Each structure stands twice: as structure tokens, then as C-alpha cells.
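What follows is a short report on a single structure.
Predicted, not measured: the structure shown is a model, and the values here were computed from it. Counting begins at 1 with the first residue of the sequence.
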Amino acid sequence: MSTDPTRSHAPGPPHLAIIGAGPAGLAAALAAAGEGVRVTVVDAARAPGGQFYRQPAAGLGARRPGALHHQWRTWRRLRDGLRRQIDAGHVTHLPDHHVWCVERRPEGGGIDGGPARLTVHALLGPGQETPAEVRADAVLLATGGYEKVLPFPGWTLPGVVSAGGAQAMLKGGLVVSGRTAVVAGTGPLLLPVATGLAAAGVTVAALVESTGPRALARRAGALAGRADKLAEGAGYAVELLRRRVRTLVRHTVVEAHGADRLEAVTVAALDAEGRVRPGSERRIPCDTLAVGHGMLPHTDLAETLGCRVESPGQRVWVDGEQRTDVPGVWAAGETTGIGGAALSLAEGHIAGRSAAARLRGWVPDPGTWAGAAESRAELRRFFEALDTVYVPPAHWTEQVRDDTVVCRCEEVTAGAVREAVGELGAGDVRTVKLLTRAGMGWCQGRMCGPAVAGIAGCEQAVARRPFAQPVPLGVLARTGEVRTGEVRTGEVRTGESEQDDDDR
């Protein structure tokens with residue numbers, strides 16, 4: 001390990017802010033803290049673990065929380081390691097902090113010729129009105145991913161939830177949304193969701209997967225490199241067979257039915273081109289539909305920093321050290337491409353070691369993370385192959401009627417989107433947004449973006465937003481002022497401004 005000539009040595013120990021406490025963020029925190037760097041982990045959840053290791057609240061009295069997870073030993077290692085580093089004063093964990101912006105500050109010198117400090121702006125608590133700031137020498141983005149959900153007639157009925165939402169309710173609240181469920185869409189997530197619901201006592205009437213076994217067989221060579229992941233999937237399949245869950249491959253949900261809430265769904269078979277086969281429809285009674293079509297990386301904060309976001313998958317670009325193209329900013333986990341917990345752990349470990357070395361003024365030795373790099377390469381190849389298998393039906397938009405709501409926030413229908421393209425001349429998603437308001441609501445197009453793009457026949461563009469989530473105007477007005485109140489390790493500033501104190 002040699003000295004990094006680009007590092008400007010500032011007084012005091014270097015400080016790394018990690019956004020996200022899922023597998024990638026926790027692995028990075030432990031790796032960086034182990035190298036002598038001060039770490040602050042900023043996370044929106046009330047407890048560490050992310051979606052993958054989501055835990056039920058202590059007050060629920062779960063007797064066997066490990067039954068809801070696999071890789072439980074890995075979680076315990078991460079949890080215990082985090083506690084030790086917190087107790088030692090090397091790591092500060094800030095739960096319930098919702099980050100809305102990362103600001104690059106121009107003062108001083110910094111790593112890789114960039115700014116010496118960055119400021120993480122967050123909002124506290126469920127109300128998300130009290131501001132907080134974390135100032136650091138470098139930032140690691142471990143913001144994870146979110147579900148891709150495509151619309152169909154009836155998808156706004158109560159009882160229709162995302163696949164990940166059903167899993168989150170089960171893991172975090174020990175609750176289910178009904179007694180009889182259909183799990184549908186495409187992607188590996190459907191298997192653990194269906195298995196988890198069945199194990200919780202829900203009657204899973206059907207697992208409806210739009211991909212067929214032939215698609216998997218065509219990529220068998222690329223997938224064979226990770227026998228452990230194939231065995232994991234086979235284990236879920238065996239469990240579903242044991243519980244007599246009917247699996248319908250090359251099928252899709254055509255419509256959800258109900259008056260005040262979901263009562264049944266209609267599913268149909270798909271032909272070789274991804275179109276619904278006429279006459280193959282069947283109606284399945286249920287009160288819950290858990291549906292999902294894969295995952296997308298969370299790139300909002302990276303986009304505000306000017307990090308390069310690339311296709312396929314609109315993921316944050318990183319080099320071999322998990323550095324973005326913005327000095328002082330690393331990224332790891334699902335934000336760099338969807339690949340599951342094992343890949344997130346490997347990337348987080350590499351990013352933490354790299355950031356720690358460069359913050360201390362050294363050029364890191366890749367040999368110190370050789371095992372993680374090998375696992376990263378294998379898993380990336382595996383999931384790149386899997387991404388070509390689990391794709392939504394090619395002609396899914398044909399099943400979306402004109403009266404189907406596409407943008408739920410602004411209640412924009414598919415017919416309005418089609419009118420914007422066919423009659424008003426919109427040729428891209430931004431113009432469709434301006435003409436219809438699709439994507440202007442609370443979620444800012446995160447949920448409806450893929451659907452609007454698909455129905456409009458446009459490429460889904462990277463949306464560069466100044467903020468990652470809605471922010472009260474009062475918070476914006478006070479941004480940058482010196483804060484009073486508690487100052488924690490890692491230069492965390494919360495509370496109200498001195499000006500506000502004077503006004504009172």
C-alpha cells in the first residue's frame with residue numbers, strides 16, 4: 001500500500017458518511033471502521049438491516065425472527081459487529097434520518113483532488129420536518145433499490161400490494177394483508193415472497209410467473225457458475241411444492257376484480273411473443289395480490305451529485321474500488337446494479353476498505369479484498385444473465401386499458417398518456433410529463449416512471465432532481481445555517497437554527 005499523492009491531509013481523523021444500513025452499508029461500515037476511519041451511518045429505517053434484513057419491532061415479541069430470513073448467521077455477524085464498533089466509538093448510527101440531498105462543499109482540499117467535505121442533509125423522524133446535517137470527508141452511497149411495478153386494470157384496488165411490500169409487512173410487522181393470496185409478476189423475489197406467505201399461514205392460490213423454464217435453460221451455462229444461488233432457488237421451489245402451491249409459468253395477471261377491495265384476479269397464458277393467448281384466461285379468487293416485475297436501483301442522491309448513471313438498469317457507474325466518477329463519493333449495493341444481498345456485501349466491503357485507505361492518504365492494495373472481488377465478479381455475471389431471463393412480457397402494455405390509472409399520485413390514465421403521444425406529439429417522457437402531469441406527484445415518477453415510458457413507447461430517461469424526496473420550505477430556508485442543539489460524533493448537527501432561537 002503506497003501513499004496517495006492526491007490526498008490533502010486535513011487536521012483530525014478522517015470521516016466517512018455512509019447512507020443506508022442494508023447489507024452494503026453495514027459491510028462498508030465495518031470494513032472502514034476496522035481501518036481506523038470514523039464512520040457515520042445514516043439510515044431512514046429505525047433499525048439497521050435494510051429491506052433484506054428487516055426485523056420486527058421488539059414490542060411484537062417475535063420468538064423466532066430468524067424464521068423469516070435466510071443467511072441469518074450473516075446478519076448476526078453484521079449486527080454484532082456494528083454494536084461493537086458503536087460501543088468503541090468508531091461508528092455512529094443515525095436511524096430515522098431521511099436523506100434528501102448530499103451537498104459538495106468547496107472549501108479546502110480533498111481526496112482525489114475533490115472537495116474536502118460533503119454535507120449530508122436529512123429530515124428526522126416520521127414527520128420528516130426537523131433537519132439534520134452530517135459533514136464528512138467522503139460519502140458512500142448504499143441506498144439500495146426499489147420495486148418495478150407495472151399497471152393493469154384493477155391494480156389500484158385495496159388488497160393489491162407490491163411483492164416487496166408483502167414481504168416487508170411480514171418481516172417488519174408480522175402481518176399479512178389477507179388470507180388467500182396470488183403472487184405474480186416476474187423475478188426471483190416472487191419465490192421467497194410466496195414461500196414466506198405460505199409459511200405464515202396464508203393460502204397461496206397461485207404463483208404466476210411470466211418467464212418460462214426455457215428462458216432459464218438458455219442461460220444455464222452462465223447461471224451454473226453460482227451453484228449456491230441455484231440451490232437457493234431450488235429450495236424455495238421444493239418448499240412451494242411441499243405446500244402444494246400451484247405454479248403457473250408463462251402466465252400473467254390480466255385484471256384484478258373487486259368492488260371495495262380485491263376479490264379475484266384473472267390470469268392468462270402467454271404465447272412465444274409475450275402476448276396473451278385468447279381463451280386461456282382463468283379467474284382465481286383471492287383477497288391479496290402481491291405483484292412485482294423486478295427491481296430498479298435507487299440513484300436519486302447519485303444523480304444530484306452528478307455521478308454517472310448508465311444503462312442497462314440505470315445504475316450508478318463505479319470502478320474496481322466502487323468509486324463513482326465524482327471525487328470523494330463511493331457507491332455499493334443495489335444502487336450500482338440489482339444483485340442481491342451477497343453481491344451487496346462484497347461491494348460494501350470493497351468500498352469501505354477503499355474509502356478508508358484513501359481517506360488516510362494511501363493508495364489501497366486490491367489484494368486486501370481479493371476474495372470479495374472474486375465473489376463480486378461471479379455474482380455480477382450471474383445476475384446479468386438472470387436479468388435477461390426475468391423480463392416483463394414484451395407486450396404488457398396491450399393489456400392496459402385507456403381507463404387504467406397509470407400515475408396514481410396525479411390520477412393520470414393510460415389513455416391520457418397515449419393521447420399525449422398520438423395526438424399532441426410528445427416524443428419523450430419529459431414531454432409526456434408536462435402534458436399530463438404523470439410523474440409530478442409525491443413519488444416524483446419513481447413508481448410510475450417505467451409504466452409511463454412503456455405506454456408512451458419512450459426510453460426511460462435518467463431524472464435529475466435537486467432533491468431525493470419532498471422537503472419542507474422551512475427546511476430549505478434554513479439550510480446552511482449553524483445549528484444549535486445536540487452535536488454528535490461525526491459532526492452531526494440537528495435542531496433549529498440560532499436565528500429561530502433569536503426570533504422566539
Problem - Salt-bridge criterion met for Asp96 and Arg46 (N-O under 4.0 Å) - result: yes
Practice task
Would you please test Thr388 and Arg219 for side chain to side chain donor-acceptor pair (under 3.5 Å) and show each step?
Solution key: CA-CA 9 Å; Thr388 65; Arg219 301 310 306 270; 2.8 Å; yes
Problem - Electrostatic pair Arg380:Glu347 at N-O distance under 4.0 angstrom - result: yes
Practice task
Please assess Leu379 against Arg226 for the test side chain to side chain contact (heavy atoms under 4.5 Å, CB included), listing each intermediate value before the final yes or no.
Solution key: CA-CA 7 Å; Leu379 286 165; Arg226 292 295 303 201; 3.6 Å; yes
Practice task
Ignoring hydrogens and angles, state whether a donor on the side chain of Thr431 or Asp428 is under 3.5 Å from an acceptor on the partner side chain.
Solution key: yes
Problem - Test item: Gln85 and Val39 side chains (from C-beta on) under 4.5 Å apart, heavy atoms - result: no
Practice task
Report yes or no: is the cationic atom of Lys229 (NZ for Lys, CZ for Arg) under 6.0 Å from the centre of the six-membered ring of Phe383, at an angle within 45° of the ring normal?
Solution key: no
Practice task
List the steps and the verdict of side chain to side chain contact (heavy atoms under 4.5 Å, CB included) for Arg323 and Val318.
Solution key: CA-CA 5 Å; Arg323 294 181 298 178; Val318 290; over 6 Å; no
Practice task
Report yes if the side chains of Glu147 and His293 come closer than 4.5 Å at any heavy-atom pair, otherwise no.
Solution key: no
Practice task
Determine yes or no for a side-chain-to-main-chain donor-acceptor pair under 3.5 angstrom, with Thr143 supplying the side chain and His298 the backbone.
Solution key: yes
Exercise for the section: Given salt bridge (Lys or Arg N to Asp or Glu O under 4.0 Å), test Arg358 with Glu321 step by step and report yes or no. Expected result: CA-CA 11 Å; Arg358 293 197 177 274; Glu321 295 182 31; 2.8 Å; yes
Problem - Cationic tip of Arg408 above Trp155 ring, under 6.0 Å, 45° of axis - result: yes
Problem - Working for side chain to side chain donor-acceptor pair (under 3.5 Å), residues Thr324 and Trp330 - result: CA-CA 5 Å; Thr324 71; Trp330 278 254; over 6 Å; no
Practice task
Compare all side-chain heavy atoms of Val91 with those of Thr40 and state whether any distance is below 4.5 angstrom.
Solution key: no
Handout entry: Between Ser210 and Thr252: side-chain donor-acceptor atoms closer than 3.5 Å
Key = no
Problem - Derivation and outcome, side chain to side chain contact (heavy atoms under 4.5 Å, CB included), residues Val316 and Leu141 - result: CA-CA 10 Å; Val316 178; Leu141 304 175; 5.7 Å; no
Problem - Thr186 side chain reached by Val391 side chain, heavy atoms, under 4.5 Å - result: no
Practice task
Determine yes or no for a side-chain-to-main-chain donor-acceptor pair under 3.5 angstrom, with Thr304 supplying the side chain and Leu301 the backbone.
Solution key: yes
Practice task
List the steps, then state whether side chain to side chain donor-acceptor pair (under 3.5 Å) holds for Thr119 with Glu133.
Solution key: CA-CA 6 Å; Thr119 300; Glu133 294 179 357; 5.5 Å; no
Problem - Phe467 and Trp100 aromatic ring geometry - parallel, tilted or perpendicular at 30°/60° bounds - result: perpendicular
Problem - Asp87 vs Arg84 side-chain heavy atoms within contact, under 4.5 Å - result: no
Exercise for the section: For the residue pair Gln322 and Arg353, confirm or rule out a side-chain donor-acceptor distance under 3.5 Å. Expected result: no
Practice task
Scan side-chain atoms only and decide if Gln469 and Gln444 contain a donor-acceptor pair under the 3.5 Å cut-off.
Solution key: no
Practice task
Would you check if the side chain of Thr368 reaches a backbone N or O of Asp365 as a donor-acceptor pair within less than 3.5 Å?
Solution key: yes
Handout entry: Close side-chain approach of Val134 to Val139, heavy-atom, < 4.5 Å
Key = no
Handout entry: Arg376 side-chain N/O to Gly320 backbone N/O, donor-acceptor pair under 3.5 Å
Key = yes
Problem - Electrostatic pair Asp80:Arg76 at N-O distance under 4.0 angstrom - result: no
Practice task
Measure from the side-chain N and O atoms of Thr413 to the backbone N and O of Ala416, and report whether any donor-acceptor pair falls under 3.5 Å.
Solution key: yes
Problem - Stepwise side chain to side chain contact (heavy atoms under 4.5 Å, CB included) check, Trp317 with Asp325 - result: CA-CA 8 Å; Trp317 177 90; Asp325 58 342; 4.1 Å; yes
Problem - Under-4.0 Å salt bridge between Glu378 and Arg381 - result: no
